[in-house]
Amino acid sequence: MFKTRLISGIVLVAAAAILIPAGGGLLLAAISIIALIGMYELYRVYKIEHSALAYIGYLAALLYATDLYVRWIPQTMVFVLSCLIALLGVYVFVYPKYHASQMMAAFFGIFYVAVMLSYIYQTRMMEKGAYIVWLIFLCSWGCDTCAYCVGVRFGRHKMSPVLSPKKSVEGAIGGLAGTFLLTLLYGYLCSAQMEMTNIQIWILASISVIGGMISMIGDLAASAIKRNYEVKDYGTLIPGHGGILDRFDSVIFTAPVIYYLAVYLL
C-alpha cells in the first residue's frame, strides 16, 4: 500500500512540475478537468452525479473557468445568483424528484470544488505566482506528509477521535513545524528569483503555517462528509489515495487562503 501511494504521489508531483510552470490555459484546463472529476465524486455521494442538477453544476464550473481566462461575467454575484436560480428552477419544476439536500449539494459542489480549486490557477497567474503557488502544495501535501511521519512515531493524543482516529495532536504540530521549515528552505533557495527580503521570507513561512492549519480543516471537512454518508473513499482514480477529493481535500481549502494572504501580506 505504501509503495502504491508513493508511486502515485511521485506521478502527481511530476504532473504538477509540468503544468504549474506552464501556467496559462494549459494549467487552467488541467485544473478544470480535476474540478469536474471532483464534482462528479461529490455528486455521487449525494446520488445526483448524472442528474440535471449535476449538469448545471458541471456547466457552471466550465463557465467560471472560461471567465477566469477571458473575463466575460460582469460581476461574481451575477454568477452566484444565476447558479442558485437555475438549480432552484430544476428543483421546483421536477418536484419531488430531488430532495432539498441534493439541490443544495449541487450548489455547494460548484464553489467547494471548482471555485476553490481555481485559486491554484489564480495564484499562479499573480505577480511572483510561479513561486508563490508552490506554497499551496507545501501547506497541504507537505504538511500532511510531515504530520504523518511525526504522528506515526510520536502520536499519543487524538486530535479528532470520532472523525479521524488516526490523526494526533503531535502529528498536527509536526505537520505545521515541517511546513514552516520547508517554506523557509524554499524561500531562501528561491529568494533571488522571488526578489524577497529575509523578512518577507519569514512572512512567507508564517503564511504557510496558517495555510497548514487550514489544510487540516479541509482534510477533516472532506472526511466529515464521507462519514455522514458512510463512504470510505470518494473514488479510485488515484491508486493508494482514492479519488480526486481524497487527495485534493486539503488543497481545496489551502488554495484560496494562500492566494489572499499573498495578496495582502506580500
Side-chain angles (χ1 to χ4, degrees), residues 15-16 19-20 22-46 48-91 98 101-127 129-130 132-133 135-137 140 211 214-215 218 221-222 225 234-235 237 243-245 247-264:
L19 293 169
I20 290 177
L26 180 61
L27 176 61
L28 182 59
I31 291 173
S32 298
I33 292 170
I34 291 171
L36 289 172
I37 297 172
M39 290 173 69
Y40 178 86
E41 293 174 349
L42 180 67
Y43 289 164
R44 185 166 54 192
V45 171
Y46 293 91
I48 57 170
E49 69 272 25
H50 295 298
S51 68
L53 294 175
Y55 293 136
I56 290 174
Y58 302 144
L59 177 61
L62 292 173
L63 292 176
Y64 182 79
T66 58
D67 178 65
L68 289 177
Y69 198 67
V70 298
R71 295 295 179 186
W72 62 276
I73 298 175
Q75 292 183 16
T76 302
M77 191 54 67
V78 171
F79 171 74
V80 175
L81 294 176
S82 298
C83 293
L84 182 58
I85 291 170
L87 290 168
L88 283 169
V90 171
Y91 173 62
Y98 302 114
S101 62
Q102 293 176 308
M103 184 275 298
M104 288 185 281
F107 184 70
F108 169 70
I110 298 169
F111 299 92
Y112 171 58
V113 184
V115 173
M116 292 179 79
L117 270 179
S118 75
Y119 279 93
I120 298 174
Y121 168 78
Q122 295 185 66
T123 303
R124 169 62 183 85
M125 301 312 293
M126 67 190 299
E127 186 180 359
I132 295 173
V133 68
L135 285 186
I136 295 171
F137 300 97
S140 50
I214 297 299
S215 77
I225 296 173
Y234 283 104
L237 183 64
I244 288 294
L245 291 183
R247 183 63 281 182
F248 285 83
D249 50 6
S250 56
V251 174
I252 286 172
F253 270 54
T254 307
V257 171
I258 293 299
Y259 173 82
Y260 285 110
L261 287 176
V263 167
Y264 292 111

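Gly24 approaches Tyr69 most closely through the heavy-atom pair C-CE1, 4.3 Å. Considering every non-hydrogen atom in both Tyr121 and Leu27, the closest pair reads CA-CD2, 4.1 Å. Pairing each heavy atom of Ser215 with each of Ser140, the nearest pair is CB-CA, 3.9 Å. The shortest non-hydrogen separation linking Met103 to Tyr91 is CG-CB, 3.8 Å.
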side-chain hydrogen bond (donor to acceptor under 3.5 Å, both in side chains) evaluation trace for Tyr260 with Tyr119: CA-CA 9 Å; Tyr260 285 110; Tyr119 279 93; 2.8 Å; yes
Side chain to side chain contact (heavy atoms under 4.5 Å, CB included) assessment of Tyr46 paired with Leu53: CA-CA 11 Å; Tyr46 293 91; Leu53 294 175; over 6 Å; no
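Using a distance-only test at 3.5 Å, with no hydrogens or angles considered, a donor-acceptor pair links the side chain of Tyr234 to the main chain of Ala222.
Below 30°, between 30° and 60°, or above 60°: for Phe79 and Tyr64 the angle between ring planes is between 30° and 60°, a tilted geometry. Tyr58 and Tyr43 have tilted rings, their planes meeting at an angle from 30° to 60° on a 0 to 90° scale.
In this structure, Gln102 has no side-chain hydrogen bond (donor to acceptor under 3.5 Å, both in side chains) partners at least two apart in sequence or on a different chain.
The list of salt bridge (Lys or Arg N to Asp or Glu O under 4.0 Å) pairs with a residue in residues 61-81, not counting sequence neighbours, reads Asp67-Arg71.
Remark: Ser82 OG to Ile73 CD1 distance equals 8.0 Å, nearest 0.5 Å. In this structure, the separation between CG on Leu261 and CG on Leu135 is 10.0 Å, given to the nearest 0.5 Å.
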